[in-house]
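Encoded as structure tokens, the structure appears first; notes follow it.
Just so we're clear, the structure is a prediction, and the values are computed from it rather than from any experiment.
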Amino acid sequence: AGMSWADVGGQVRQLKAAMQAAGRDPSKLEVGVRFPISGKPFAEALAEDIEPMTAAGITQLYCPVLGPRTLADARPRMEEMARAFQRYRP
């Protein structure tokens with residue numbers, strides 16, 4: 001298995017501490033990850049992982065769209081993903 005969100009959070013905290021020690025503003029750090037494919041429906045996986053990802057300091061999420069070969073085929077999947085994110089928008 002890969003790293004846990006807690007492991008990622010520890011690394012983000014170390015990086016932010018190093019930034020601060022170097023006189024840089026750690027709040028400016030953007031941390032992006034590729035959303036892991038779990039085999040679960042996207043909305044379910046997102047609901048399970050959004051809080052631990054946020055706590056870990058993740059600020060950007062890259063979500064793969066697997067399967068579709070054309071833009072027309074990808075549209076329903078992308079719309080599903082957009083709906084899943086709606087509840088987390090400020």
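Pro36 is listed as a side-chain neighbour of Asp49, based on a closest heavy-atom distance under 4.5 Å. Residues Gln20 and Arg24 are not in side-chain contact: their nearest non-hydrogen atoms beyond the backbone lie 4.5 Å or more apart. For the pair Thr59/Leu29, no side-chain contact is recorded, criterion being any heavy-atom separation below 4.5 Å from C-beta on. The side-chain heavy atoms of Thr54 and Trp5, taken from C-beta on, include no pair separated by under 4.5 Å.
Rounding to the nearest 0.5 Å gives a distance of 9.5 Å between CZ of Arg34 and SG of Cys63. In this structure, CD on Gln14 lies 6.5 Å from CD on Gln11, to the nearest 0.5 angstrom.
Residue Met53 is tested with Val31, Leu46, Val8 for a side chain to side chain contact (heavy atoms under 4.5 Å, CB included); the sole match is Leu46.
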Test side chain to side chain contact (heavy atoms under 4.5 Å, CB included) applied to Val65 and Met81, step by step: CA-CA 9 Å; Val65 180; Met81 294 169 82; 3.9 Å; yes
List, one per line, each side-chain donor-acceptor pair under 3.5 Å for residues 67-77, sequence neighbours excluded.
{"from": "Thr70", "atom 1": "OG1", "to": "Asp73", "atom 2": "N", "distance (Å)": "3.0"}
{"from": "Thr70", "atom 1": "OG1", "to": "Asp73", "atom 2": "OD2", "distance (Å)": "3.2"}
{"from": "Arg75", "atom 1": "NE", "to": "Glu79", "atom 2": "OE2", "distance (Å)": "2.7"}
{"from": "Arg75", "atom 1": "NH2", "to": "Glu79", "atom 2": "OE2", "distance (Å)": "3.4"}
{"from": "Arg77", "atom 1": "NH1", "to": "Glu80", "atom 2": "OE1", "distance (Å)": "3.3"}
{"from": "Arg77", "atom 1": "NH1", "to": "Glu80", "atom 2": "OE2", "distance (Å)": "3.4"}

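With a 6.0 Å radius and a threshold of 12 heavy atoms from other residues, nucleotides or ligands, Glu51 has its CD atom at or below the threshold.
The list of ring-ring contact (aromatic ring centres under 6.0 Å, His included) pairs with a residue in residues 55-90, not counting sequence neighbours, reads Phe42-Phe85.
Across Pro26 and Met19, no two heavy atoms sit closer than the pair CA-CE, 3.9 Å. Counting all heavy atoms, side chain and backbone alike, Met3 lies closest to Asp7 at CE-CB, 3.6 Å. Pairing each heavy atom of Ala45 with each of Lys40, the nearest pair is CB-CB, 4.3 Å.
Val33 and Leu15 fall within the same hydrophobic cluster, defined by Ile, Leu, Val, Met, Phe, Trp and Tyr side-chain heavy atoms under 4.5 Å apart, directly or through other members.
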